[in-house]
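Following: one structure in structure tokens, then a few remarks.
Residue numbers start from 1 in every chain, and the chains themselves are labelled A, B, ... in the order their sequence lines are given, proteins ahead of strands.
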Number of protein chains: 2
Amino acid sequence: MTFFTEQPVTSADKTFFQLRKDIVEGAILAGSKLSETELSTKYAVSRAVIREAINRLEASHLVERKANVGARVVTLTPEGLIELYQVRESLEGMAARLAAQNMTDSEIADLQSLLNSHFEKVQSGQSYYQEAGDVDFHYRIILGSKNKHLISMLTDGIYHLVRMYRVQLGMSGPRVTTAFDEHKHIVQAICNRDAELAEMLMRRHILYSKSSIESKLLS
Amino acid sequence: MTFFTEQPVTSADKTFFQLRKDIVEGAILAGSKLSETELSTKYAVSRAVIREAINRLEASHLVERKANVGARVVTLTPEGLIELYQVRESLEGMAARLAAQNMTDSEIADLQSLLNSHFEKVQSGQSYYQEAGDVDFHYRIILGSKNKHLISMLTDGIYHLVRMYRVQLGMSGPRVTTAFDEHKHIVQAICNRDAELAEMLMRRHILYSKSSIESKLLS
DNA sequence: CAACCCTAAATTGTCGACAAAGTAGAGTAA
DNA sequence: TTACTCTACTTTGTCGACAATTTAGGGTTG
């Protein structure tokens, strides 16, 4: 899984990645205020790099900022998660459609072997699948779309927010085996170069996830 | 058309808006380098606010930046425009679907009266329709989706890029009367609360635009 | 002549200090 | 008591200077 090629070069990069990690994983609580002076002492950098990091976090929709007042970590709401999945349905559906058109044969072969390795894990009872495997699968299709804007929106934006929700609302639940079948059918559609079907299946796949989450949230 | 409620408060805001305008409208050429010192003298602000403005431009995908090297205005390519329209098809399709579910009756009524005013203009031969009217129509539906992420992605991101392409590639062309009919049908679907159809019609509408542009680019 | 290295200039990245805006609290008047 | 105002303090916004990196040019060497 050598996807995350984004590696920090400047001090602001490192601070941004660190802050993003802390926010997504809940080390910095949702809704809490991000004090520039406080963070600059905590991370041992100047306020300028903290400001740049916060600006990037704002662009990622992980924090909200009011002029002359400050920045706060976004507060998570069930409605927000629903909205996020609506966007995912739309964008990843299109990603699957484009992947069916634009992935190379060898990329598709890789995707299938990835699926096989997942199959073995699922069969041997490792429900570990969920987190890493699921993300890996979706990433490959997103990248397979070869659409720069689509890739950036999903990997730089949406996915960190989704992960923040998952971590903080304790969503590392089931939907393992059924999700695997859905993945299988999506790959099959891509392999057949059936763009229409690939999009439809991906949209359903994400709709199912949404429903599963909704029922859990309302309980 | 009182949509653009974003009004600058800090100096960095103003500089960002000004720079964005200059880039989108071509006063700053595509592909050109953005020198921080140069811009700071030109706009009479410190380098810090220029840097913040450039960071935001980067988040908008209007400039690309390399660490320790600098920022350049993105270069426009026909492929890039195609990719942009693929994202638009996906996101605005979803926006139309959600608008059919979430717009209030009075908002829909407003949308219809807007369409009527466009109809009069088109009939009286003002092909002025294209630019302002078309954008206005699409904005209302986007806002009607009531989905924060969707709205932000389209209005803060995609639309400025689309406008940059339109301006710089000289795309203020025809597709006036047919586009009007398409708009009419979309509104009808929304009025009938037919989410499925609204999405489908919006996607087709954008696909047609894409085709129209493609044929023009390849000529 | 080409390739490499080294130096100097220019540009970006980072820092600390000052200016401006917002916030909280005490005090006063109705 | 309540509401308002003024003041002191905290926090964010902006600035100029310094540090680090890249880039361009000349010079040397094979």
Side-chain angles (χ1 to χ4, degrees), chain A residues 5-23 27-75 152 156, chain B residues 5-23 27-75 152 156:
Chain A
T5 53
E6 54 177 4
Q7 62 183 19
V9 18
T10 75
S11 175
D13 288 337
K14 282 182 228 130
T15 309
F16 168 58
F17 290 140
Q18 183 63 46
L19 265 175
R20 186 175 63 184
K21 184 170 189 280
D22 290 348
I23 289 173
I28 299 177
L29 295 176
S32 63
K33 183 155 191 292
L34 293 179
S35 163
E36 296 183 357
T37 54
E38 186 184 331
L39 291 175
S40 80
T41 60
K42 179 176 174 183
Y43 290 99
V45 288
S46 84
R47 260 188 63 217
V49 338
I50 293 288
R51 275 180 72 79
E52 178 168 340
I54 290 181
N55 278 332
R56 289 203 234 170
L57 290 170
E58 187 189 15
S60 306
H61 298 272
L62 288 171
V63 315
E64 289 169 342
R65 145 175 285 174
K66 265 193 288 192
N68 288 313
V69 174
R72 308 191 82 85
V73 178
V74 293
T75 56
S152 157
D156 297 338
Chain B
T5 52
E6 54 177 4
Q7 63 183 18
V9 18
T10 75
S11 175
D13 288 338
K14 282 182 230 136
T15 309
F16 168 59
F17 291 138
Q18 183 63 46
L19 265 174
R20 186 175 64 184
K21 185 170 188 282
D22 290 347
I23 289 173
I28 299 178
L29 295 176
S32 63
K33 184 158 192 295
L34 293 179
S35 162
E36 296 183 357
T37 55
E38 187 184 332
L39 290 175
S40 81
T41 61
K42 180 176 174 184
Y43 290 99
V45 288
S46 85
R47 260 188 62 217
V49 338
I50 293 287
R51 276 180 70 80
E52 178 167 342
I54 290 181
N55 278 331
R56 288 203 235 171
L57 290 170
E58 188 189 14
S60 308
H61 299 270
L62 287 170
V63 315
E64 289 168 344
R65 144 174 285 175
K66 264 193 289 191
N68 288 313
V69 174
R72 307 191 83 86
V73 178
V74 294
T75 57
S152 157
D156 297 337

Query - nucleotides 11-24 of chain D: protein proximity per nucleotide (B base, S sugar-phosphate only, - neither; heavy atom, under 4.0 Å) - result: SBBBB-B---SSS-
Query raised in the report: With sequence neighbours excluded, what pairs up with B/Ser40 under the side chain to side chain contact (heavy atoms under 4.5 Å, CB included) test?
Result: B/Arg47, B/Ile50
Query raised in the report: Is the NZ atom of B/Lys21 crowded by more than 12 outside heavy atoms at less than 6.0 Å?
Result: no
Report summary line: Atom CZ of B/Arg72 and atom P of C/dT12 are separated, to the nearest Å, by 11 Å
Requested in this report: Figure out the CG/C1' separation between A/Asn55 and C/dG13, and round it to whole Å.
Outcome: 15 Å
Query - Heavy-atom side-chain proximity of B/Arg56 to B/Leu62 below 4.5 angstrom - result: no
Query - Residue pair B/Arg72 / B/Gly31: nearest heavy atoms and the distance that separates them - result: NE-O, 3.2 Å
**Report entry** Closest contact, heavy atoms only, B/Gln7 versus B/Phe17
**Finding:** C-CE1, 4.2 Å
